[in-house]
Amino acid sequence: MVSLQPVRGTHDLLVDDKRRHVHVEETARAIAARYGFEEISTPIFEFTEVFARTLGETSDIVTKEMYTFDDKSGESITLRPEGTAGVARAFISGGLQQSLPLKLFYRGPMFRRERPQKGRQRQFHQVGVELLGPDKPMADAEVIAMGADFLAELGLAGKIVCEINTLGDTESRNAYRDILVGYFNDFHDRLSEDSLIRLKKNPLRVLDSKDEEDKAVVAGAPTMADSLNDASRRFFDDLLASLEAVGVAYEINHKLVRGLDYYCHTAFEFTTDALGAQGTVLAGGRYDGLIKQMGGPPTAGVGWAAGVERLAMLVDEPPARPRPVALVPVGADTQDKAFTIAFELRRAGLTVDMGYSGNLKKRMNRANKVNAVAAVILGSEEMERGLATVRDMESGEQTEVPFSELLPHMARYR
RNA sequence: GUGGCUGUAGCUCAGUUGGUUAGAGCACCUGGUUGUGGUCCAGGGGGUCGUCGGUUCAAAUCCGAUCAGCCACCCCA
């Protein structure tokens, strides 16, 4: 019995759930297309190196959350824990620097071996975008605005806020890190165990600790803003101005940091309080150093990824599926004719459902179950007279329609 | 990886201090209607009570382990 359960943290997407997912993915793709982004796919597994090198050797994802295995050639393979590294790798191996700037959209499953909880699974799905080439804040603004539009299109504008911060360039970030470490070292005895570890591995992350005592210490900490050099400051100011110009509401959050090493300058998160502890629904930032670090040509980039499961939980109802016309043959001798009519209607663009067995009552029952708009009833008597009975499932009204007029008559149910 | 809560029919859940054949609603199937759905009425199928082990004359009920789910920490979409 145990073997018939899905693996922990994985889920089947049965029809209703799948519809919600598709709705989220399709609106993301539609919005991305509106911004000139084209969809690509990269493999769901890569050589382990691709992720280990780019995500940062100390990140939690690399150290404890990757699904890594040796394949038969002895190569270490990893199921992708996120999308950007694979896209960057594809950019390099595909020689895409010739077609910059590149606007890419992707969607698909990601894998992280975490303890499941609300909004967190071991196999989950993301939609994401990457804008490669431009190093101007206008690009960041475009990408963030696209995220905001996407969420608005899903009807989530009121439930979600956009938080934004800057990590500055390398110089600014290093300067800030030193100041921050100096500050936190004075509070060594007040910081939580977790934060002491963060202080060593990634000091910026102490900033978003949930521990109450840590928060008190963090409240008095110097902010990134004070450590920004002129270029970084201007970059951030220009970005904010661009966002305002296109009407994207945001909140600056000086404590917002990103978990992955490759980010610089812009970091942003769209969050909600409707999902418990996992409130981040769409997040991203700028990663100018990533592609070079992987061995490619120096190439700037900005992007984000959004969690499809989390968004699907927030969306009220996906659009209803189209209501079909039901074909209802009565008696074996009308089967073939009904089958033919079903195809004619389908080829005319109608959604048609025809069952495989059952008497009139059963078939009407099924018509009702599939929420049919109309039923085309065909008995031997009708067939002899060269017509079918069309029943409007809403009103219950029935009309006899000659075969020759069936297509135009049914057009209203399209 | 750590902690708390939970596991009874396809789904949502009852199940009284351990005590006979484990229940309800919804869903499903059949009939009332030999060519007419949704409503209504009547009937029916379906559970080794997550799994394994223990305590007991007796376990869905108590104990242990294990698996899974949920929630939180951690981390993140």
Side-chain angles (χ1 to χ4, degrees), chain A residues 1-11 14 16 24 28 55 58-65 81-84 107-128 147 151 192-195 197-198 201-202 205 208-211 256-260 268-272 275-284 303-314 326 328-331 334 355 358-383 389-398:
Chain A
M1 223 25 170
V2 171
S3 62
L4 293 182
Q5 289 174 334
V7 173
R8 174 168 229 186
T10 68
H11 294 277
L14 303 182
D16 285 347
V24 170
L55 299 178
T58 61
S59 76
D60 276 39
I61 290 182
V62 170
T63 53
K64 49 190 194 196
E65 294 176 2
E82 58 94 47
T84 303
R107 56 170 155 181
M110 306 293 167
F111 305 85
R112 260 124 90 159
R113 200 185 179 293
E114 303 176 275
R115 190 86 174 261
Q117 72 181 75
K118 190 179 179 73
R120 199 170 75 179
Q121 304 171 203
R122 290 184 172 183
Q123 176 175 343
F124 61 105
H125 298 78
Q126 289 186 335
V127 292
L151 299 174
S192 67
E193 238 174 274
D194 283 332
S195 281
I197 295 169
R198 293 187 186 107
K201 276 168 53 178
N202 190 344
R205 258 192 259 167
D208 67 354
S209 171
K210 288 179 186 172
D211 183 273
L256 174 63
V257 294
R258 308 265 56 231
L260 309 180
F268 58 92
E269 279 184 12
F270 288 77
T271 59
T272 176
L275 286 181
Q278 310 300 324
T280 302
V281 113
L282 183 153
W304 50 251
V308 176
E309 281 79 4
R310 291 182 186 179
L311 289 172
M313 284 191 279
L314 293 175
V328 181
V330 186
T334 61
N359 58 21
L360 179 59
K361 185 185 169 106
K362 273 185 188 159
R363 286 174 184 271
M364 287 304 290
N365 222 309
R366 176 176 167 83
N368 193 56
K369 232 172 274 177
V370 298
N371 195 25
V373 258
V376 176
I377 301 166
L378 185 63
S380 32
E381 186 207 338
E382 278 109 330
M383 212 162 78
T389 299
V390 176
R391 180 183 179 88
D392 186 292
M393 294 297 282
E394 220 52 64
S395 64
E397 251 174 71
Q398 300 198 163

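Just so you know, these numbers use all the heavy atoms, side chains as well, and skip hydrogens, waters and symmetry mates. Naming convention: chains lettered A, B, ... in sequence-line order (proteins, then strands); numbering from 1 in each chain.
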If [N] has a Watson-Crick or G-U wobble mate with both distances under 3.5 Å, name it; if not, just say none.
N     : result
B:U17 : none
B:C62 : B:G54
B:C28 : B:G44
B:G37 : none
B:A72 : B:U2

With a 4.0 Å limit, can you tell me whether [X] has a side-chain N or O closer than that to the phosphate oxygens OP1/OP2 of [N]?
X        : N     : value
A:Lys369 : B:G37 : no
A:Arg8   : B:G69 : yes
A:Gln117 : B:C71 : no
A:Arg115 : B:G3  : no

Which of the following nucleotides, [options], is nearest to the side chain of [X]?
X        : options             : answer
A:Ala283 : B:A77, B:G35, B:A72 : B:A77
A:Glu114 : B:C75, B:G35, B:U30 : B:C75
A:Lys210 : B:U33, B:U30, B:C75 : B:C75
A:Arg120 : B:C75, B:G35, B:A72 : B:C75

Using a heavy-atom cut-off of under 4.0 Å over every strand shown, decide if [X] touches base, sugar-phosphate, or nothing.
X        : value
A:Ala367 : nothing
A:Arg366 : nothing
A:Gly284 : nothing
A:Gly276 : sugar-phosphate
A:Gly9   : sugar-phosphate
A:Gln278 : base
A:Leu311 : nothing
A:Gln398 : base
A:Glu309 : nothing
A:Arg198 : sugar-phosphate

Rounded off to whole Å, could you give me the [atom1]-to-[atom2] distance for the [X] and [N] pair?
X        : N     : atom1 : atom2 : value
A:Asp194 : B:G3  : CG    : P     : 15 Å
A:Arg113 : B:U2  : CZ    : C1'   : 14 Å
A:Leu275 : B:C71 : CG    : P     : 10 Å
A:Leu360 : B:G38 : CG    : P     : 12 Å
A:Gln121 : B:A77 : CD    : P     : 15 Å
A:Glu193 : B:U2  : CD    : C1'   : 12 Å
A:Asn365 : B:G31 : CG    : P     : 11 Å
A:Arg112 : B:C74 : CZ    : C1'   : 13 Å

So, A:Thr389 versus A:Gln398: side-chain donor-acceptor pair below 3.5 Å or not?
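Judged by distance alone, the side chains do not pair up.
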Any luck finding a side-chain donor-acceptor pair between A:Glu269 and A:Thr280 under 3.5 Å?
yes
Report the distance from atom [atom1] of [X] to atom [atom2] of [Y], rounding to the nearest 0.5 Å.
X        : Y        : atom1 : atom2 : result
A:Leu282 : A:Thr272 : CG    : OG1   : 12.5 Å
A:Glu397 : A:Asp392 : CD    : CG    : 7.0 Å
A:Thr84  : A:Gln126 : OG1   : CD    : 8.0 Å

Please name the pair of heavy atoms, one in [X] and one in [Y], separated by the smallest distance, quoted to 0.1 Å.
X        : Y        : value
A:Val127 : A:Trp304 : O-CZ3, 3.8 Å
A:Pro81  : A:Arg112 : O-NH1, 2.5 Å
A:Met393 : A:Met364 : SD-CE, 3.9 Å

Judged by each residue's nearest nucleotide on RNA chain B, which is more toward the 5′ side, A:Asn368 or A:Glu82?
A:Asn368
Name the residue closer to the 5' end of RNA chain B, choosing between A:Val7 and A:Leu282 according to the nucleotide with the nearest heavy atom.
A:Val7
Inter-nucleotide [atom1] distance ([N], [M]), Å rounded:
N     : M     : atom1 : value
B:C28 : B:U20 : C1'   : 30 Å
B:G23 : B:G15 : P     : 15 Å
B:G47 : B:U51 : P     : 13 Å
B:A59 : B:G43 : C1'   : 34 Å
B:U61 : B:U56 : P     : 16 Å
B:G32 : B:G37 : C1'   : 16 Å
B:A60 : B:C13 : C1'   : 14 Å
B:U16 : B:U55 : P     : 24 Å

